[in-house]
Amino acid sequence: MEIQDLTIKKIHQGLVNKEFSATEIVGSFLERIEKKNKDIFTYIFLDKEGAIQTAKEIDELIIQGRELSLLGGIPFAVKDNILVKDLPCTAGSKILENYIAPYDATVIKKIKKQKAVLLGKTNLDEFAMGSSTEYSAFGPTRNPCDEERVPGGSSGGSAAAVAAGLAVFALGSDTGGSIRQPASFCGVVGLKPTYGAVSRFGLIAMASSLDQIGPLARTVQDARIVFDIIKGKDPLDSTSFWIDDVNFKFDIKELRVGVPKEFFVKGINPKIEKLVKEYIKKLEDQGVGIKEISLPHCTDYALATYHIIMPSEASSNLARYDGIKYGLSVQKAKSLKEVYSRSRQEGFGEEVRRRIMLGTFALSAGYYDAYYLRAQKVRTLVRRDFKEAFEKVDVILTPTSPTLPFKIGERIKDPLSMYLSDIFVTAVNLAGVPAVSVPCGKVGQLPVGIQIIGKPFQEETILKLGEVLEEL
Amino acid sequence: MITKKEVQHVAKLARLNINSQEEEKFTKELSSILQYIEKLKEIDTSKVEPTSHPFDVKNVMREDIVQQPDIEVIQRMLKAAPAREKTYIKVKSVFKRSE
């Protein structure tokens, strides 16, 4: 099969029509991974045995003539900050290098029930902190479109695996663009659902008021299939929530599309700007109503706000890595306090330490009001921007990233330049709204993504528009 | 923006050991990030309420019923602890021995 044919529906049909077996499909994926993974390092851990075993079970079901679910026998990958029972879960960190997950995340439980075939765990920036996957303690992932360049991050392993045909779909997590930005860099589809739409139970927490799990896939339709399986209220995550929109209808001719002027200013690569504007023009030519709108707090102010709120929550969440309950532990330390600090010193990488420092500082006595409280107030203004915009329009279109995939090593020395690559994606997390990045062409061989932002719990609307954009 | 002394203090609060080289590096890097964040001072937030959660949700409650724990999961979690005794996780002594 050609890479572009590796979609859920096509594989499903092939399995049902007995054109090939699940064992053959899984075997061909494992073979391709064997060949390709050493070059681009998408997988941290490969569960060969488990994958072959599940595939055999699927084939048995098919032989018995049992009905196969849409995801049955479909090979997929999981970002290594999502727990899969009995498999390692490192979060890309030395501090969890030898950690084995004691239970399944809710999303994994749901996908396992469909009998999809887990191939392995994908690389990420340590604790999902980064925009290039270079901050993984186990080495960087490379962009399959140009191996000298980064795949984006933090779900870079997941995005690269899908792009290179090493998985049909993958799960990622998105705290401030970590699904959408790598999807854009690798030329695949990446959906960040509404905050709470997907249970976070079993996701290693970074910033709990921002984190969301979502799918990366080759097509919008595949992303939808996965999202429909993993979404929903979960008693194990009290922030999870879902309501089905019974009145849903989609008419492209009636859709009101907003384009925020603040997203097309200095700093954006002119070639990206041109491509995205061409796409918007094509939509307009089809009779879609395009309206210029304003989201005044949603670019640089949102990014600044994000870089207070995210490290503050992360510094608190990462306090659990203390060398006592699990993970790396320096036992030769003399006192309890020394166990904490030496375990954290040996276990945490540079970017994680930097964010813990920043967050601890922002929350510390004397600075709380000036930093954390102020950021929370600006977060209100970000939410208000979206609320007001969504009174005038149904969806918002922006570029996903202001830059093309950059060279490995180019930004790692300057943390702020790395942060700036997320300038178009963090506001979405602060407001909790859903957004999807869909490929919209290439500059040379480097993919460009367009971001579609929607109203809370209206994933279907942005996915429908995503399918329209895919066809343009 | 942030002084070396503050960096040392914050490192202590965060239970991170940092050496003098890192102290220098963090002072420089955190200052440049804080400089960027200064942007937020341009916005008048005097009449704005803070947001801590993307949606206006209240505490989520459930019935106060004892749920049977999954013993297998508990055993796996205990197994993950670096030092343990029976069903306890072992830590270094907190108090000094008296003479």
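All chains are named by letter (A, B, ...) in the order of the sequence lines, taking the proteins before the strands, and each is independently numbered beginning at 1.
For Tyr340(A), the parts lying near chain B are the backbone and the side chain together; criterion is any non-hydrogen pair under 4.5 Å. Of the atoms belonging to Leu420(A), it is side-chain heavy atoms, and not backbone ones, that fall under 4.5 Å from chain B. Contacts between Ser364(A) and chain B at a heavy-atom distance below 4.5 Å involve the side chain alone, from C-beta outward. Both the backbone and the side chain of Lys41(B) come within contact range of chain A, with heavy atoms under 4.5 Å apart. Interface residue Glu6(B): only side-chain heavy atoms are found under 4.5 Å from chain A. Looking at Leu78(B), neither its backbone nor its side chain comes within 4.5 Å of chain A, counting heavy atoms on both sides. Contact annotation for Lys334(A): only backbone heavy atoms (N, CA, C, O) come within less than 4.5 Å of a heavy atom of chain B. For a residue to count as touching a neighbouring chain, one of its non-hydrogen atoms must lie under 4.5 Å from one of that chain's; by this rule Asp322(A) does not touch chain B. Of the atoms belonging to Leu358(A), heavy atoms from both backbone and side chain fall under 4.5 Å from chain B. Contacts between Tyr99(A) and chain B at a heavy-atom distance below 4.5 Å involve the side chain alone, from C-beta outward. When heavy atoms are compared at a cutoff of 4.5 Å, Glu49(B) approaches chain A solely by way of its backbone atoms N, CA, C and O. Looking at Ile43(B), both its backbone and its side chain come within 4.5 Å of chain A, counting heavy atoms on both sides. For Ser208(A), no part sits under 4.5 Å from any heavy atom of chain B, backbone or side chain. Residue contact with chain A, scored on non-hydrogen atoms closer than 4.5 Å, involves the side chain of Phe26(B) exclusively.
A salt bridge is defined here as a Lys NZ or Arg NE, NH1 or NH2 lying under 4.0 Å from an Asp or Glu carboxylate O, and Glu350(A) with Arg354(A) meets this definition. With salt bridges taken as basic N to acidic carboxylate O contacts below 4.0 Å, one links Arg353(A) and Glu22(B). Between Lys109(A) and Asp104(A) no salt bridge is recorded (no basic side-chain N to carboxylate O distance below 4.0 Å).
Among residues 67-74 of chain B, the residues having any heavy atom closer than 4.5 Å to a heavy atom of chain A are, in sequence order, Glu72(B), Val73(B).
Per-residue heavy-atom pair counts under 4.5 Å with chain B were compared for Leu430(A), Leu328(A), Leu303(A), and the maximum is reached by Leu303(A). Chain B forms the most heavy-atom pairs under 4.5 Å with one residue out of Ala304(A), Gly432(A), Ala333(A), and that residue is Ala304(A). Comparing His297(A), Gln331(A), Glu313(A), Arg342(A) by heavy-atom pairs within less than 4.5 Å of chain B, the highest count is held by Gln331(A). Comparing Val7(B), Val10(B), Val60(B) by heavy-atom pairs within less than 4.5 Å of chain A, the highest count is held by Val10(B). For chain B, the option among Leu416(A), Thr305(A), Ile356(A), Asp300(A) with the highest count of heavy-atom pairs below 4.5 Å is Asp300(A). Counting heavy-atom pairs closer than 4.5 Å to chain B, the top residue among Ile308(A), Leu373(A), Ile100(A), Asn98(A) is Ile308(A).
Across all their heavy atoms, Ser199(A) and Ser240(A) have their closest contact at CA-CB, 4.3 Å. When all heavy atoms of Leu96(A) and Ala91(A) are compared, the closest pair comes out as CD1-CB, 4.1 Å. The two residues Gly202(A) and Tyr103(A) come nearest to each other via the heavy atoms CA-CE1, 4.3 Å. Here the closest non-hydrogen pair linking Ile18(B) and Glu23(B) is CD1-CA, 4.0 Å. Taking every heavy atom of both residues into account, Ile309(A) and Arg379(A) meet most closely at CD1-CD, 3.7 Å. Closest of all the heavy-atom pairs between Thr426(A) and Gly176(A) is CG2-O, 3.7 Å.
For Tyr321(A) and Phe127(A), the distance between ring centers is under 6.0 angstrom. Taking the six-membered ring where the residue is Trp, the centroids of Tyr419(A) and His307(A) are separated by under 6.0 Å.
Classified by interplanar angle (parallel below 30°, tilted 30° to 60°, perpendicular above 60°), the ring pair Tyr371(A)/Phe361(A) is tilted. In this pair, Phe457(A) and Phe241(A) present their aromatic rings perpendicular. The plane angle is above 60°, beyond the 30 to 60° band.
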Does the pair Arg355(A) and Met206(A) meet the rule for a side chain to side chain contact (heavy atoms under 4.5 Å, CB included), with working shown?
-> CA-CA 11 Å; Arg355(A) 294 199 193 187; Met206(A) 172 170 146; 3.5 Å; yes
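There is no side-chain donor-acceptor pair under 3.5 Å between Arg411(A) and Ser131(A). For the residue pair Thr194(A) / Glu459(A), a side-chain donor-acceptor distance below 3.5 Å is found, with atom types taken as modelled.
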